[in-house]
Amino acid sequence: MAMAFKMATTGMWVADECKNSFMEMKWKKVHRYIVFKIDEKSKLVTVDKVGGAGESYDDFTASLPTDDCRYAVFDFDFVTVDNCRKSKIFFIACIKDKGKNVVCNIKRWAKESA
């Protein structure tokens, strides 16, 4: 079984596969996005889906369930006005809103944070 580490203040456990997948995305650029889910019974955060490097934002949004909460990181590539290629990782929380729709909150996640 995969090892997990406990988050200090929440009582949640994070599976090693979450950290490993994120590091592969950050350093090796093998994933475009990673979708995480929380198992309420075991209080464990696990990887739900991983998108390949060639996948798009539309592929990412299509992979999200409409009836359940998910958390994700998305590696967004762009070109600046100075014609420099850049990449930013965003943290996205998709939360079910009273059974009506999915509300997504997106925050930029600095690459230096991990």
Side-chain angles (χ1 to χ4, degrees):
M1 182 174 158
M3 297 294 293
F5 63 92
K6 188 172 184 178
M7 296 181 67
T9 59
T10 63
M12 298 296 294
W13 291 85
V14 178
D16 279 346
E17 68 177 324
C18 296
K19 181 180 176 185
N20 295 340
S21 294
F22 178 76
M23 290 305 191
E24 287 176 349
M25 180 175 84
K26 180 179 174 180
W27 298 113
K28 297 180 182 178
K29 299 287 189 184
V30 295
H31 309 305
R32 174 67 58 202
Y33 62 86
I34 306 167
V35 179
F36 304 100
K37 76 178 199 177
I38 298 174
D39 181 355
E40 292 294 329
K41 286 185 179 181
S42 65
K43 297 204 181 273
L44 181 67
V45 179
T46 59
V47 172
D48 186 37
K49 296 178 184 173
V50 176
E55 294 195 37
S56 67
Y57 184 78
D58 291 333
D59 297 325
F60 163 69
T61 56
S63 74
L64 295 171
T66 57
D67 60 346
D68 202 4
C69 301
R70 291 292 186 270
Y71 300 90
V73 287
F74 185 86
D75 191 2
F76 179 70
D77 295 328
F78 61 97
V79 178
T80 67
V81 292
D82 298 330
N83 206 25
C84 294
R85 290 180 166 253
K86 298 273 185 165
S87 176
K88 296 288 180 188
I89 296 176
F90 290 86
F91 175 77
I92 303 167
C94 295
I95 302 167
K96 183 178 168 188
D97 183 22
K98 299 177 186 173
K100 296 179 185 174
N101 58 6
V102 174
V103 177
C104 288
N105 181 20
I106 301 174
K107 294 183 180 181
R108 191 175 116 203
W109 188 349
K111 286 190 170 190
E112 296 78 27
S113 67

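Keep in mind the model is a prediction, meaning the values are calculated, not measured.
Here K19 contributes atom NZ and K26 contributes atom NZ; the two are 10.5 Å apart, rounded to the nearest 0.5 Å. Between atom CG of residue D75 and atom CZ of residue F22 there is a gap of 8.5 Å, rounded to the nearest 0.5 Å. Note that CG of L64 is 11.0 Å distant from SG of C69, once rounded to the nearest 0.5 Å. Summarising the geometry, atom OG1 belonging to T80 is positioned 4.5 Å from atom CG belonging to D82; distances are rounded to the nearest 0.5 Å. To the nearest 0.5 Å, atom NZ of residue K28 and atom OG of residue S21 are 11.0 Å apart.
At a threshold of 4.5 Å between non-hydrogen side-chain atoms, the residues I89 and M25 count as touching.
The shortest non-hydrogen separation linking F78 to S87 is CE2-N, 4.1 Å. Across every non-hydrogen atom of G51 and E55, the tightest pair is CA-OE2, 3.6 Å.
When each of R32, K88, K86, K29 is paired with D77, the side chain to side chain donor-acceptor pair (under 3.5 Å) condition holds for R32 and for no other.
Inspection of the S56 and D59 side chains reveals an N or O donor paired with an N or O acceptor under 3.5 Å.
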Exercise. Is there a side chain to side chain contact (heavy atoms under 4.5 Å, CB included) between Y71 and I38 once you walk through the steps?
Worked result: CA-CA 9 Å; Y71 300 90; I38 298 174; 3.7 Å; yes

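Checked against side chain to side chain contact (heavy atoms under 4.5 Å, CB included), N20 has the following partners two or more places apart in sequence or in another chain: D16. F60 meets the ring-ring contact (aromatic ring centres under 6.0 Å, His included) test with Y33, Y57, F74; sequence neighbours excluded.
In terms of hydrophobic clustering, with Ile, Leu, Val, Met, Phe, Trp and Tyr side chains grouped at heavy-atom distances under 4.5 Å, F90 and V79 are assigned to different clusters. Hydrophobic clustering (ILVMFWY, side-chain heavy atoms < 4.5 Å, transitive): V47 and M23 are in one cluster.
Judged by distance alone, with hydrogens and angles left aside, the side-chain atoms of R70 form no donor-acceptor pair with the main-chain N or O of V35 at under 3.5 Å.
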